[in-house]
Visitor: 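Pasting a structure below so you can have a look.
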Amino acid sequence: MTLREDTSVRCTACFLCATACPAQCIYIEAGEAPDPHIEKFPVRYEIDTLRCIYCGLCVEACPCDAIRMDTYVHPRIWGFDRLDFVETKEQLMHRSRVLAEKGRDGNMDEMLAWYREQDAEVYDPQRPELKTYANRDVLKHYAEAPARSSVELPAIDRHHPRTGK
């Protein structure tokens, strides 16, 4: 997502990118923009990279040059959760800031640093105090995530779907 000079998102939540997407991988939730000159903006903007086919139709459909495919970094290529592959508005904006500040290699350097740090970690679902990979609240791609709940869900007996017994 490209940014304006005031670092706000350029997107006006017109939904043309989501409409043009043949994979239906773009989700937009619009809200009233804080700037009185702009009618609306995306409160939530997400791209499910597991569904994306990288056709570029979203880029072509955007009338305000808000979405591009020029960060030179492919989204995350491994994870333990479907959320690991959903890119949020904040992540996309962060990538644009890094591109502006550090140039073409900035995003790649950041992604490689995240992968190196993940390789050093041990992931064990039986030990929730260890690192998990689905933290969406922190823009730094390789930041620590909060521990997940250790509450177990009861198993469903598939032989008796109506009663569960």
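Note that the coordinates shown come from a computational prediction; the quantities given were computed from them, not determined experimentally.
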Visitor: Roughly how far, to the nearest 0.5 Å, is the SG atom of Cys17 from the CE atom of Met1?
Guide: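 Met1 atom CE to Cys17 atom SG measures 7.0 Å (nearest 0.5 Å).
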
Visitor: Is the shortest heavy-atom distance from the side chain of Arg51 to the side chain of Gln24 under 4.5 Å?
Guide: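 Heavy-atom side-chain distance check passes, below 4.5 Å.
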
Visitor: Search all heavy atoms of Cys52 against all heavy atoms of Ala23 and return the closest pair with its distance.
Guide: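 Heavy-atom minimum between the residues: CA-CB, 4.5 Å.
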
Visitor: Is it possible for you to say whether Tyr45 and Leu16 belong to one hydrophobic cluster, with membership spreading through side-chain heavy-atom contacts below 4.5 Å?
Guide: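 No, because Tyr45 and Leu16 fall into different hydrophobic clusters, even though each may have its own neighbours under 4.5 Å.
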
Visitor: Asp48 versus Tyr27: any side-chain heavy-atom pair under 4.5 Å?
Guide: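 No. Closest side-chain heavy atoms not under 4.5 Å.
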
Visitor: Hey, quick one: are Phe15 and Ile47 part of the same hydrophobic cluster, counting side-chain heavy atoms closer than 4.5 Å, chains of contacts allowed?
Guide: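 Phe15 and Ile47: one cluster.
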
Visitor: What pair of heavy atoms forms the shortest contact from Ala13 to Pro42, and how long is it?
Guide: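 Taking every non-hydrogen atom into account, CB-N, 3.8 Å.
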
Visitor: Distance check, rounded to the nearest 0.5 Å: Glu90 atom CD versus Arg44 atom CZ?
Guide: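 Reported value, rounded in 0.5 Å steps: 10.0 Å.
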
Visitor: Is a side-chain N or O of Thr2 found less than 3.5 angstrom from the main chain of Asp65, in a donor-acceptor match?
Guide: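 At least one qualifying donor-acceptor pair exists.
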
Visitor: Do Cys11 and Cys64 touch side chain to side chain, with heavy atoms closer than 4.5 Å?
Guide: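 Contact flag for Cys11/Cys64 side chains = no.
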
Visitor: Just so I know, are the side chains of Phe85 and Leu83 near enough to count as touching, which here means a heavy-atom distance under 4.5 Å?
Guide: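 No; the side chains remain at least 4.5 Å from each other.
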
Visitor: Are side-chain heavy atoms of Ser8 and Leu3 found at a separation under 4.5 Å?
Guide: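 Answer no - side chains too far apart.
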
Visitor: Apply the test salt bridge (charged side-chain N to carboxylate O under 4.0 Å, His left out) to residues Arg95 and Glu110: give CA-CA distance (whole Å), side-chain angles for both, the deciding distance (0.1 Å), then the verdict.
Guide: CA-CA 10 Å; Arg95 203 172 283 146; Glu110 195 171 278; over 6 Å; no

Visitor: Examine distances only and state if a side-chain atom of Lys89 and a backbone atom of Glu46 form a donor-acceptor pair shorter than 3.5 Å.
Guide: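 Checked: no pair found.
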
Visitor: Could you state the interatomic distance from CZ (Arg10) to SG (Cys62), rounded to the nearest 0.5 Å?
Guide: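 Here the rounded value is 9.0 Å.
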
Visitor: State, with a plain yes or no, whether a side-chain heavy atom of Leu57 is found less than 4.5 Å away from one of Cys21.
Guide: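 Side-chain contact under 4.5 Å: no.
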
Visitor: Please report the closest heavy-atom contact between Leu50 and Arg82, naming both atoms and the distance.
Guide: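 Minimum heavy-atom separation between Leu50 and Arg82: CD1-NH1, 3.4 Å.
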
Visitor: Are Val59 and Tyr54 co-members of a hydrophobic cluster defined by side-chain heavy atoms under 4.5 Å apart?
Guide: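 Tyr54 clusters together with Val59.
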
Visitor: For a quick test of reading the model, state the closest non-hydrogen atom pair linking Arg104 to Leu99 and the distance between them.
Guide: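 Here Arg104 and Leu99 meet closest at CA-CD1, 3.9 Å.
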
Visitor: Pair Met108, Val98 - check side chain to side chain contact (heavy atoms under 4.5 Å, CB included), show working.
Guide: CA-CA 10 Å; Met108 181 61 76; Val98 170; over 6 Å; no

Visitor: Atom CD1 of Ile67 and atom CD1 of Ile26: how far apart are they, to the nearest 0.5 Å?
Guide: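 Going from the CD1 atom of Ile67 to the CD1 atom of Ile26 covers 5.0 Å.
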
Visitor: Is it true that Lys102 and Asp105 make a salt bridge, defined as a side-chain N closer than 4.0 Å to a carboxylate O?
Guide: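 So Lys102 does not pair with Asp105 through a salt bridge.
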
